[in-house]
Peer 1: 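Here's a structure for you.
Note that ligands are numbered from 1 as they come in the structure, with each ligand's atoms numbered from 1 the same way.
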Amino acid sequence: RNLTRAATLVGLCMAGTTAVSAQEITLRGASMFDEQHAFTKTMEKFAELVDEYYDGDVVFDLRLNGELGVEADYVTFLQQGVAIDYTIMAPSNMATFAPSIPLMDMPFLFRDQDHWEATLSSDVLKPLEDELLEKADIMVIGYTGGGVRNVISKEPIENLEQLAGFKMRVMGAPIQAQIFSALTAAPSAIAYNEVYNAIQTGVIAGFENEAASIQNLKFYEVAPHVTLTKHAITVRPIVMSGKTFRKLPDPLQQAVLKAGVEAGAFGRELESREDGQKLQEMVDAGQLTVHEFANREQLLEMVAPVQDAYAAELGATELLEAIRAK
Ligand code: MAV
């Protein structure tokens, strides 16, 4: 009996070392949100598509509700190849590793939805993706996003005078603070999971975000006023750690790349369609009051020199022109 057991063990060990493709592969993902958020649904779609395109077993272990932290944590995990394999995140949360990547989500980059879609469905952002891969070993496998970012605050803001000195949280990339400083607000970089408390305790008077996330994390409880600055249409790469990707069998790599692009298109359609609906749901529920911003066009003029200077500093003036020309 013991002998049989020993033989079985040897057999198992051998299977483990020889039949690599038969081993179970687990890919762990992370979302700061619950099942209702477009990022979560997009990552679920990604898993579904990989299963469809790959003729083998992959287990997707998607952790929700910020169980594994916030995007600023995810970027370090991906760069080191630990804890998670894939996620969706804001380029402006990856600035520490690749200073040029926040160019793709800097405020006032896109004129409108068509411009945004034309940019994301082209390969104009490729030089930024290359830098991210080279410096952080993080691969962009698709693009989702589509939420419109607005200012959200404790007190109403309706014009430039009221925006002046507005103590607000921005994402970690320096270009984010530079843009809002140019608009005369008083930005500071605060971790996303500290924003709710910071508003509640009066450390800041508000921040900026898109409807899907305001609703999912109930930010309206502490900041019930939204001002339609419409300063960004979100660009959210679906990313995978290069360290994970290189370990995958070739057919799975192909499936991941195909599924990433398609899940991105799915997510962009979903989030842009839901954006207005979700804002309206919060208004109808009495959670948010919407304010127009007087002379929004003036904001564009105020930030253009800051955008130009940032691109010039990165040696990315041509790239910025190419995006603007899309
Ligand atoms: C929203 O929750 C998302 O756009 C997410 O990708 C960002 O990280 C977050 O806002 C933020 O402002 O940090």
Peer 1: Has Asp55 got more than 12 heavy atoms of other residues, nucleotides or ligands less than 6.0 Å from its CG?
Peer 2: no
Peer 1: Arg236 heavy atoms, cut-off 4.0 Å: which ligand 1 atoms fall inside?
Peer 2: 3 (C), 4 (O), 5 (C), 6 (O)
Peer 1: For a side-chain hydrogen bond (donor to acceptor under 3.5 Å, both in side chains) with Gln215, tell me which candidate from Gln277, Lys278, Glu274 qualifies.
Peer 2: Lys278
Peer 1: Any ion pair linking Glu321 and Arg324 (charged N to carboxylate O, less than 4.0 Å)?
Peer 2: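 Yes, charged N to carboxylate O under 4.0 Å.
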Peer 1: Check ligand 1 against Phe33 and write out every atom of the ligand that is under 4.0 Å from a heavy-atom position of the residue.
Peer 2: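 Counting from 1, the qualifying ligand atoms are 2 (O).
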Peer 1: Mark up the atoms of ligand 1 that fall under 4.0 Å of a heavy atom belonging to Ser213, in ascending order.
Peer 2: 1 (C), 2 (O), 3 (C)
Peer 1: Relative to the heavy atoms of Phe39, which atoms of ligand 1 are at a distance of less than 4.0 Å?
Peer 2: 6 (O)
Peer 1: Below 4.0 Å, non-hydrogen atoms only: which portion of Leu217 touches ligand 1? Side chain, backbone, both or neither.
Peer 2: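 It is neither part, as no heavy atom is under 4.0 Å.
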Peer 1: Does this structure show an ion pair linking Lys45 with Glu48, if we count only N-O contacts that are shorter than 4.0 Å?
Peer 2: yes
Peer 1: Ignoring hydrogens and angles, state whether a donor on the side chain of Ser92 or Asp105 is under 3.5 Å from an acceptor on the partner side chain.
Peer 2: yes
Peer 1: Pull out every atom of ligand 1 sitting under 4.0 Å from any heavy atom of Met171, numbered as shown with elements.
Peer 2: 11 (C), 12 (O), 13 (O)
Peer 1: Could you name the option among Glu71, Met89, His37 that has the heavy atom nearest to atom 5 (C) of ligand 1?
Peer 2: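 Heavy atom nearest to atom 5 (C) of ligand 1 belongs to Glu71.
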Peer 1: If you take the nearest heavy atom of each of Tyr74, Tyr192, Phe219, Phe207, which one is closest to atom 2 (O) of ligand 1?
Peer 2: Tyr192
Peer 1: Quick one: look at Arg169 and ligand 1, take heavy-atom pairs under 4.0 Å, and tell me if it's side chain, backbone, both or neither.
Peer 2: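 Contact part for Arg169 vs ligand 1: side chain (C-beta onward).
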Peer 1: Is Met43 close to Tyr86 at the side-chain level, that is, under 4.5 Å between some pair of heavy atoms?
Peer 2: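 They are in side-chain contact.
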Peer 1: With a 3.5 Å cut-off and no angle check, do the side chains of Asn295 and Asn159 form a donor-acceptor pair?
Peer 2: no
Peer 1: Can you name the atoms of ligand 1, numbered from 1 with element, that are less than 4.0 Å from a heavy atom of Asn93?
Peer 2: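 Result: 8 (O), 13 (O).
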Peer 1: Is there a donor-acceptor pair closer than 3.5 Å between any side-chain N or O of Thr227 and the backbone N or O of Thr229?
Peer 2: no
Peer 1: Give the residue, atom name and distance (to 0.1 Å) of the protein heavy atom nearest atom 3 (C) of ligand 1.
Peer 2: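 For atom 3 (C) of ligand 1, the nearest protein heavy atom is Glu210 OE2, 3.1 Å.
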Peer 1: Can you list the atoms of ligand 1 that are under 4.0 Å from a heavy atom of Ala90?
Peer 2: 6 (O), 8 (O)
